[in-house]
Each structure stands twice: as structure tokens, then as C-alpha cells.
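Below is one structure, written out as C-alpha cells, with a few remarks after it.
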Amino acid sequence: MRKIIIAGNWKMHKNQAESLEFVQAFKSEIENRDEVREIVLCVPFTSLTVMSKNLHGSKIRLGAQNIHWADQGAYTGEISGSMLTEIGVNYAIVGHSERRQYFGETDETVNLRLKAAQKYGITPILCVGETKAQRDAQETENVIINQLKQDLVDVDQSNLVIAYEPIWAIGTGDTCESQEANRVIGVIRQQLDNQDVPIQYGGSVKPNNIDEIMAQSEIDGVLVGGASLEASSFARIVNYQ
Ligand code: 13P
């Protein structure tokens, strides 16, 4: 059985006070269901400690938005696996398209970060996806297969989550059609050795499209940006029908 994982990616939003305010409202809105739905909040580094304290004893897991490959060293502005596990971080997003686009992440550094997360027992959420130009040129499958090939070298597929995030669907309100997301996620699954790796969809997931997205057979969860910033909207997504 593949795990269902609903994750919020706050990106560079919310200071500590705002993070705390969210958690207090959000906790009371999560419905208790028999079926297991893992809920993850990937927050800015500065909010990790306060979140860790306030999520203790709840079923919400904590995620970071990046992780460096070295244990420590002269890497200004970076965070290591041991710094994250000390705070109780369970997940780390790796290779988000915004990291690749604005901060020069390559498939090579993505691969190093994935392995570092696993070394510390953190589950990496690897993001892959194509640009609009690549999709228009019918290159979607090739681009993604290539990313996976390079990103997953020597990566343990028993402690891994993948998120299919078409870049043109991120923050645009232009969601990938759920059947199409389902199809691409099926292609991703074919590239994997372990068929139990949960594969999420990400890109303009909202309360009004979550039910349709989660009804797709290949989609094991979502990675949510904008709609995870407000407690009631993210709660509606977590409580999908
Ligand atoms: P939006 O949900 O705001 O489109 O962001 C998606 C995303 O990038 C999640 O990692």
C-alpha cells in the first residue's frame, strides 16, 4: 500500500508568530479519519523550532525546504542534516523548481542532497517537472525521465517521496488537468525500482480541485504552495473527500 502524503510548502512565508497562529487554527480543523493521511508542513528554517515544539504529540510532521549534503563546513547560508534532525525534522523538499531556477541547483547537487537527507533518516521529497516550453515541444516525458535518472543515482527508494510539479502550473492557478497529472505520474512510476514510492502532484492545488486530484489512481498526495498558507484552506485540502 502506498502512503498518502499531503504536504504544504510555505516557501518564504510566515515568521514565527504567524507560524504559531497557523498551527493553533489548523490543528482543530483536521478531521480524524481511520485511513492514514500523512500531513507535512515544510516551513522556513526560522520557524522549524517553534513548529517542532507545537506539533509535538500531533499527527502533523515537520519538513524543511532544503538540506545541504555536507555534515558541516564552510557553506554560508546552508543547513545540514544534523541541524535538522536535532529539531525533529522528518521531511525535506529537494530540487524544487524554484531552487533549480533561482539558486542554480543542478541534478548533481539535487542527488547529493537526496542522499544526505537519507543519511540522517530524513525523507526527501524530490521535485521534478517540465517548463511550459518543454511541454509545448512534447518533451515532458524526456525531461522528467532525465531528471529522475540523474537525481536518483544511488538513492534509496525505500525512503523517498517524489512530487511531480509542472513548472507552468506553480503559482499560476493553471492546474495540470488531473488525468494528465495522473498519466505523467504513471510514467514516473515506471522509472522506479520500488513501486511503493509515494508520488505527489503539485501546482495550483486548491480546495476546489483537491477531490478530483486525489480521485486519480496514481496520485498519492499533493505538495501545496499558496493554498497551504491559510489554515482553513489547507485543512480543506487535508480533509479531501
Ligand atoms: P502553488 O500551490 O502555489 O502553485 O505552489 C506549488 C509548489 O510549488 C509547491 O511546492
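The basis for the numbers below is simple: all heavy atoms, side chains too, and nothing from hydrogens, waters or symmetry mates. Order of listing sets the numbers, starting from 1, for every ligand and every atom in it.
- Listed by atom number, the atoms of ligand 1 under 4.0 Å from E165 heavy atoms are 6 (C), 7 (C), 8 (O), 9 (C), 10 (O).
- Between I199 and L192 the shortest side-chain heavy-atom distance falls below 4.5 Å.
- Only the side chain of N9 comes within 4.0 Å of ligand 1, counting heavy atoms alone; its backbone N, CA, C and O stay farther away.
- For the 3.5 Å distance criterion, the side chains of D71 and S80 fail to qualify, holding no donor opposite an acceptor.
- Surrounding NZ of K149 are at most 12 heavy atoms belonging to other residues, nucleotides or ligands under 6.0 Å away.
- By the side-chain hydrogen bond (donor to acceptor under 3.5 Å, both in side chains) test, E212 is found to be paired with S178, residues two or more places apart in sequence or in another chain being considered.
- Of the N or O atoms in G171, one or more lie within a sub-3.5 Å distance of an N or O in ligand 1.
- For the ligand labelled ligand 1, residue A227 lies outside the 4.0 Å heavy-atom shell.
- Residue-level proximity to ligand 1 for A169 is carried by the backbone, the only part with a heavy atom below 4.0 angstrom.
- In this structure, a donor-acceptor pair under 3.5 Å is absent between the side chains of Y164 and E218.
- Side-chain contact, E18 with H13: no donor N or O sits under 3.5 Å from an acceptor N or O.
- The contact set between ligand 1 and G225, taken as ligand atoms under 4.0 Å from a residue heavy atom, comprises 1 (P), 2 (O), 3 (O), 5 (O), 6 (C), 9 (C).
- Legend: residues meeting side-chain hydrogen bond (donor to acceptor under 3.5 Å, both in side chains) with K115, ordered by chain and number and at least two apart, are N111.
- Looking at ligand 1, you'll find an N or O of K11 within less than 3.5 Å of one of its N or O atoms.
- Looking at ligand 1, you won't find any N or O of E98 less than 3.5 Å from one of its N or O atoms.
- In the vicinity of L223, heavy-atom distances shorter than 4.0 Å reach the ligand 1 atoms 9 (C), 10 (O).
- In terms of polar-atom proximity, G226 is counted as a contact of ligand 1, with an N or O under 3.5 Å from an N or O of the ligand.
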